[in-house]
Amino acid sequence: MRSHGRGLPANLKARGDGDAFSRRLGATATTGNRYLSQVSSPRHLYVHVPFCARRCSYCDFSIAVRREVPVREYVDAITTELEMRAPESGLQLDTLYFGGGTPSRLGGEGVRELLEVLARHTTLLPGAEVTLEANPDDVTPESAMAWQRAGINRVSLGVQSFDEGVLRWMHRSHSAAAAGEAVQVLRQAGIADVSVDLIFALPEFLARNWDRDLELALALRPTHLSLYGLTVEPATPLGRWVARGDVVEAPEEGYAQEFLRAHEAVTGAGFEHYEVSNFSLPGYRARHNSSYWQHVPYAALGPSAHGFDGARRSWNVSAYADWVRALAEDRDPVGGSEVLDESNRAAEQVYLGLRTVSGLRLFAGAREMVAPWVDAGWAVVDENVIRLTPEGWLRLDGLAASLTMAPSHS
């Protein structure tokens with residue numbers, strides 16, 4: 001039943017497993033080429049900042065653990081990649097997203113320098129959304145003021161839990177109290193658009209109080225909440241604990257119950273549940289991530305970052321050292337690409353459409369196929385558009401697979 005998790009390209013949460021979604025859809029990998037200016041000019045840019053103070057127990061993302069962050073080396077490498085990929089592109093951007101890793105590890109000055117480099121090759125359109133992912137312990141009055149002056153107008157805060165024992169088990173570096181302090185500091189600096197991340201469906205032995213975590217998150221009055229079910233990846237500390245039998249995953253029933261309780265509590269507080277893992281106050285949907293779900297072109301820079309030009313998805317080499325080395329040697333750091341044929345694009349559009357409240361327009365003959373879902377309360381169909389209910393989102397993969405494999409859709 002755990003089908004609403006993170007099997008999507010890295011940028012879809014701006015943290016993630018690079019090609020899991022492509023593998024699921026059976027796309028054919030090819031050698032890469034430069035994707036920033038291929039089919040159509042993207043209006044969304046993702047920049048991967050890989051640095052972290054430590055690796056969280058569940059994390060299999062592309063990160064570089066550094067006690068001292070090599071800000072100058074990283075900014076110089078991004079500069080080289082921009083000059084190589086888009087020397088005269090003049091990208092006009094509606095959204096800019098710094099994900100990771102932990103972009104806030106660059107500090108105030110590092111983020112300012114990075115934005116100055118990007119300003120030489122891109123233009124932020126009026127009202128552009130500029131998001132920085134941050135850990136609570138990186139948010140200081142000095143850094144927050146520097147981010148705001150540099151142009152950051154939205155911060156995605158990696159809280160995950162307000163339980164001290166859970167945070168230690170996750171290998172998080174911040175305290176439970178740091179989240180509230182960080183939100184207050186950001187608001188005082190003039191950054192009012194703050195999103196909070198939480199992880200649910202933790203192993204039962206932790207005795208985590210999910211309802212309490214939701215209450216504390218809502219008490220911070222964020223504009224946006226992202227809630228992710230814990231997934232076990234093999235090449236992580238958690239994956240090894242589970243493989244040895246030291247940790248048992250939360251049962252499917254518990255996963256479903258916590259997801260549905262979150263839906264009830266957060267929508268009851270006035271939030272829109274606009275995408276399977278995301279909630280926002282009216283007017284505060286994540287515009288950058290919404291571009292992924294709408295299947296529009298987006299550009300990307302940095303190690304492991306994925307870009308999409310409307311026909312081809314390309315990704316950079318994953319390891320930070322390999323990415324830096326390629327650029328120092330004047331080589332394109334692309335790690336590979338895949339051309340999406342008609343069936344691949346259709347499959348992605350089905351899956352992405354079902355993830356959001358916008359839903360999916362049904363093809364001829366599909367009404368009969370989805371009728372059992374409607375009867376079960378897992379979906380509603382209005383003017384030939386199907387939208388999943390929260391119960392349906394828990395079963396998203398099943399319906400997506402059925403619709404993708406239907407003869408009239410192939």
Output yes when a side-chain donor or acceptor of [X] lies under 3.5 Å from a complementary backbone atom of [Y], and no otherwise.
{"X": "T223", "Y": "V194", "answer": "yes"}
{"X": "N135", "Y": "D137", "answer": "no"}
{"X": "N384", "Y": "L362", "answer": "yes"}
{"X": "E258", "Y": "A201", "answer": "yes"}
{"X": "H121", "Y": "A119", "answer": "no"}

Is the distance between the ring centroids of [Y] and [X] under 6.0 Å?
{"X": "Y255", "Y": "F200", "result": "yes"}
{"X": "F259", "Y": "H273", "result": "yes"}
{"X": "H48", "Y": "Y97", "result": "no"}

If you look at every heavy atom in [X] and [Y], which pair is closest and at what distance?
{"X": "A192", "Y": "R187", "value": "O-NE, 4.4 Å"}
{"X": "V232", "Y": "G239", "value": "CG1-CA, 3.7 Å"}
{"X": "S195", "Y": "H224", "value": "OG-ND1, 2.8 Å"}
{"X": "H44", "Y": "P297", "value": "CD2-O, 3.7 Å"}
{"X": "S314", "Y": "R312", "value": "OG-CD, 3.6 Å"}
{"X": "T389", "Y": "A379", "value": "CG2-N, 3.9 Å"}

Q | Under the side chain to side chain contact (heavy atoms under 4.5 Å, CB included) test, residues paired with T236 that sit two or more places apart | A | D60, E233, L238
Just say parallel, tilted or perpendicular for the rings of [X] and [Y], cut-offs at 30° and 60°.
{"X": "H171", "Y": "W241", "answer": "perpendicular"}
{"X": "Y298", "Y": "Y292", "answer": "perpendicular"}
{"X": "H295", "Y": "F308", "answer": "tilted"}
{"X": "F51", "Y": "Y320", "answer": "perpendicular"}

(Q) Within a 6.0 Å radius of atom CZ on R54, are there more than 12 heavy atoms belonging to other residues, nucleotides or ligands? (A)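 It does: R54 CZ has more than 12 such atoms within range.
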Q. So with a 6.0 Å cut-off around CD of E204, is the heavy-atom count from everything else above 12?
A. no
**Q.** Cationic tip of R395 above W378 ring, under 6.0 Å, 45° of axis
**A.** yes
Q) Listed by chain and number, what are the salt bridge (Lys or Arg N to Asp or Glu O under 4.0 Å) partners of D163, not counting sequence neighbours? A)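 Once residues adjacent in sequence are excluded, D163 has no partner under the salt bridge (Lys or Arg N to Asp or Glu O under 4.0 Å) criterion.
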**Q.** Test item: D213 and N209 side chains (from C-beta on) under 4.5 Å apart, heavy atoms
**A.** no
Q: Measure the shortest side-chain to side-chain distance between V385 and L360 over non-hydrogen atoms and say whether it is less than 4.5 angstrom.
A: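 No; the side chains remain at least 4.5 Å from each other.
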Q: Please collect all salt bridge (Lys or Arg N to Asp or Glu O under 4.0 Å) contacts where either partner lies in residues 172-183, sequence neighbours excluded, each pair once.
A: none
Q) Are side-chain N/O atoms of E81 and W323 paired as donor and acceptor at under 3.5 Å? A)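 Checked: E81/W323 side chains pair up, N/O donor to acceptor below 3.5 Å.
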Q: Output yes when D322 and R325 qualify as a salt bridge under the 4.0 Å nitrogen-oxygen rule, no when they do not.
A: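 Yes.
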Q. Salt-bridged, E113 to R72, with N to O below 4.0 Å?
A. yes
